[in-house]
Amino acid sequence: MALTVVARERLAGAARAALGGGRRLVAVERVTGGSKKGVYRLVMDDATTAIAYLWDDTENYWPAAEGDDDLTDPFSPGLGLDLFEAAHARLSALGVRVPAVRLVDRADGDGSAGLAVVEDLPGQTLEQVLARDPRAAAPVMARLAEALEAMRRHRAPAYGKVAVVDQGGRSRGSSCEEVVLARALRDLAEAASRDPRIAAARDRLAERLLRLAGAVRPRAEYAVVHGELGPDHVLVDADGNPVLIDIEGTMYFDIEWEHVFLRIRLHEAYGPLAVDGLDADRLALYLLAQRLSLTAGPLRLLDGDFPDRAAMAGIAEHNLNEVLALVGD
């Protein structure tokens, strides 16, 4: 998506306000990877840089769906400055490294939109470090494990988005597993409508989801989880510290949800992040649910004009095959 003249002027004003010192904005560079918000590197005339997050409908590649703005749904899209600020405050309070905020612009008070300017961390992602030299990533992984432990230790008596729970609100549903089951059944229906292989296995997949959910025992406390903590959502700063980004979806939830995602994304590199005491029944349910989400989500995204279509189609195809493998196809 091309940056509009109005948006560029807004970024220029934010850059001056955030970085000051008589500096002048000379370049705005789109940072790859964002699908729900615009991510731009702001380059000043003295080579000072910062990162701008721009939440706006024109920056969101995802087709609109009913319930997108329902914050009581833990899995509704993580969109907007309000969610970012709440997650940033919670993670910072726990000692988890996140990009420092230089400026926020609430866009006429609408917390579902808005602009934030944060520190630029021009180093590599954890994904890139692991690919280059897994041994060099060991200290970063150890520090990430410490951050995850701090998040795990902080408990709440309710689940849901940090922005909701920390303000005393309640989320829909009666349990994490109920919310996951409902979402997984929706993802199954969407995937089945787009691919005949899922359609052919739909009844068996629905039966398996119901059986797995029925085996999960109740739980009354929830930890802080990022929700989509892949190695591409961890930057590595100059001191070798992991820095969590794309944090708007941070929520109180079962830690099994986080660890299933980490296992999916990290494969054999997951080992240093493993913890004892995870619930096997939740892991089984959440694995199938996340594979369905990683099938239906990319297929839905391809309904729009997302630019990197081959990569997104590859994600959908890989996870579709993993879904079918879980029911023996």
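Positions are given from 1, in the same order as the sequence printed here.
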With a 3.5 Å distance limit and no angle check, can you tell me whether [X] reaches the backbone of [Y] through a side-chain donor-acceptor pair?
X	Y	value
Glu119	Ala50	no
Asp239	Asn241	no
Thr48	Met44	no

- Query: According to the interplanar angle, ranging from 0 to 90°, do the rings of Phe253 and Phe75 count as parallel (below 30°), tilted (30 to 60°) or perpendicular (above 60°)?
  - Reply: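 Geometry flag for Phe75 against Phe253: perpendicular rings.
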Could you check whether [Y] and [X], counting side-chain N and O atoms only, form a donor-acceptor pair closer than 3.5 Å?
X	Y	result
Tyr159	Asp254	no
Tyr252	Arg90	yes
Thr49	Arg41	no

- Can you get from Leu299 to Leu324 by hopping between Ile, Leu, Val, Met, Phe, Trp and Tyr side chains that sit under 4.5 Å apart? no
[X]/[Y] ion pair, N-O < 4.0 Å:
X	Y	answer
Arg10	Asp105	yes
Glu248	Lys36	no
Glu85	Arg106	yes
Arg219	Glu256	yes
Asp46	Arg24	no
Lys37	Asp56	no

- Task: Compute the ring centroids of Phe261 and Tyr270, then answer whether they are less than 6.0 Å apart.
- Result: no
